[in-house]
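The model shown is predicted, which means the values in this text are computed figures rather than measured ones.
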Amino acid sequence: MMLTIGAVLVGLVVLVAIVFWLSKRSAHGVTPPAPRVGDDRVVLDVTVDDPREPAVQRLALDAGRRALAADPEGPSSITVLDRTGRHLVELHRHEAAHRVIELPEALHEPHRPHRHVPTPVGHDAADRLPELHHQVTHAAVGPRRFADRYQLDGRIRRLITDPDDPSDVVRAILIAGGRPAHVSGDLVISGDTAVTVAAMIDDPEAALSAAVLRLSLSGAPHGIVIRLGYADPRLVRRRDAATPGVELTDANAVQRMADAVHLGVDPLRFAVGAAAGSR
């Protein structure tokens, strides 16, 4: 009898320890809880003054699209609210399906026309079209720097020292959001979280493996990989499941973090997602 009571007490102690560890891990995590699948409402972890503000709309649409994508057999529409219950946006499934697919940078380069294709200007002139295209577009616009691909407010831009360095842009966003941050190699360290930006150009699997290894060697308890460019979603899900403590997200994370700064909330909580839960 005494042995049975002792075993029960030991079991209770172990259960309490596990609950305590999970609660501490959740408190220090950087990702807000995911919305429940099947619910037709999600809540942004912000209190909004103006629902029409561009930063609010970007975050709300992002949360709604992710909630719909998480459950293909779920509701036909999602309503996104702020923490007070204020309506931000309603997104229908058929609208969410029409998303702009992020392509590798190489696919945006002008290509030399095939000689067998008829051209009204003749093949000699056609051969010079890529050169002329480069001269006109780059003379008028120039290549876009990394920072210029996003909507960043003045607080963030004033902290950027290299607009074409993704790590420096992420560092500036975190500091503008009130977090300590510094760059170490290609890692951005902020408290117990390390962030790295990985380009998916030649070999996405190798790029993700290298990024996860760098985060593991940093010693930070939590890590975030921001992917630039396309990677097979199956590869991302597999890698994400195999690396506890490291979360994978796409290039939209930069805009989400910048919008979080604009709204006065912790940018790291919006790096991987913006939804706080469901109602």
Side-chain angles (χ1 to χ4, degrees), residues 30-35 39-70 77-103 144-160 163 166 169-179 188 195 197 224-230 233 236 247-279:
V30 297
T31 307
D39 204 328
D40 63 353
R41 295 185 180 186
V42 294
V43 181
L44 282 185
D45 193 19
V46 293
T47 300
V48 171
D49 293 326
D50 183 3
R52 299 166 299 177
E53 195 170 4
V56 173
Q57 286 292 298
R58 283 191 294 266
L59 290 175
L61 288 170
D62 179 85
R65 285 168 178 154
R66 287 185 301 103
L68 288 172
S77 65
I78 287 287
T79 299
V80 183
L81 312 171
D82 79 347
R83 281 190 299 220
T84 67
R86 174 174 291 187
H87 180 277
L88 302 180
V89 71
E90 182 176 351
L91 187 64
H92 296 275
R93 187 173 294 278
H94 71 275
E95 296 170 347
H98 299 292
R99 298 189 61 184
V100 177
I101 298 176
E102 186 180 13
L103 297 176
R144 276 200 309 170
R145 300 175 301 182
F146 181 80
D148 295 334
R149 302 176 191 177
Y150 301 96
Q151 301 296 317
L152 308 177
D153 66 21
R155 286 177 298 167
I156 296 172
R157 290 194 177 276
R158 283 191 291 271
L159 291 167
I160 295 174
V169 173
V170 171
R171 176 198 61 81
I173 291 173
L174 296 179
I175 292 176
R179 296 190 63 96
V188 183
V195 183
V197 182
I224 298 174
V225 178
I226 299 176
R227 296 178 288 106
L228 299 184
Y230 177 79
V236 174
E247 299 177 281
L248 276 59
T249 185
D250 60 21
N252 293 328
V254 178
Q255 187 64 62
R256 283 197 300 268
M257 289 192 294
D259 289 338
V261 170
H262 182 75
L263 297 176
V265 293
D266 183 358
L268 273 186
R269 283 185 58 79
F270 284 70
V272 179
S278 55
R279 296 167 63 100

To the nearest 0.5 Å, how far apart are [atom1] in [X] and [atom2] in [Y]?
| X | Y | atom1 | atom2 | result |
| --- | --- | --- | --- | --- |
| Asp40 | Leu91 | CG | CG | 12.5 Å |
| Leu263 | Asp45 | CG | CG | 11.0 Å |
| His262 | Arg155 | NE2 | CZ | 7.5 Å |
| Leu268 | Asp266 | CG | CG | 5.5 Å |
| Ile156 | Tyr150 | CD1 | OH | 12.5 Å |
| Arg41 | Ile78 | CZ | CD1 | 10.5 Å |

Given [options], the one that forms side chain to side chain contact (heavy atoms under 4.5 Å, CB included) with [X]:
| X | options | result |
| --- | --- | --- |
| Leu88 | Thr79, Val56, Val43 | Val56 |
| Arg58 | Gln151, Glu53, Arg256 | Gln151 |
| Pro267 | Ile173, Asp259, Ile175 | Ile173 |

Q.
Could you walk me through whether Ile160 and Leu152 satisfy the side-chain contact (heavy atoms from CB on, under 4.5 Å) test, starting with their C-alpha distance in whole Å, then the side-chain angles of each, then the deciding distance to 0.1 Å, before giving a yes or no?
A. CA-CA 10 Å; Ile160 295 174; Leu152 308 177; 3.9 Å; yes
Q) Are Asp49 and Arg86 close enough for a salt bridge, meaning some N to O gap below 4.0 Å? A)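 No, no charged N to carboxylate O under 4.0 Å.
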Q.
What I want to find out is whether Asp62 reaches Arg66 closely enough, with some N-O distance under 4.0 Å, to be called a salt bridge.
A.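 Yes, Asp62 and Arg66 are salt-bridged.
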Q) Is the backbone N or O of Gln255 less than 3.5 Å from a side-chain atom of Asn252, with the two atoms forming a donor-acceptor pair by type? A)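 Such a contact is absent between Asn252 side chain and Gln255 backbone.
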Q. Between the main-chain N or O of Pro51 and the side-chain N or O of Gln57, is there a donor-acceptor pair closer than 3.5 Å?
A.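 Here the side-chain-to-backbone pair exists.
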Looking at every non-hydrogen atom in both residues, tell me the closest pair between [X] and [Y] and how far apart they are.
| X | Y | answer |
| --- | --- | --- |
| Ile226 | Ala251 | CG2-CA, 4.1 Å |
| Ala63 | Leu44 | CB-CD2, 3.8 Å |
| Ala271 | Ile224 | CB-CD1, 3.8 Å |

(Q) Do Leu228 and Pro166 have side chains that approach each other closer than 4.5 Å (heavy atoms only, starting at C-beta)? (A)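 Yes, close enough: below the 4.5 Å cut-off.
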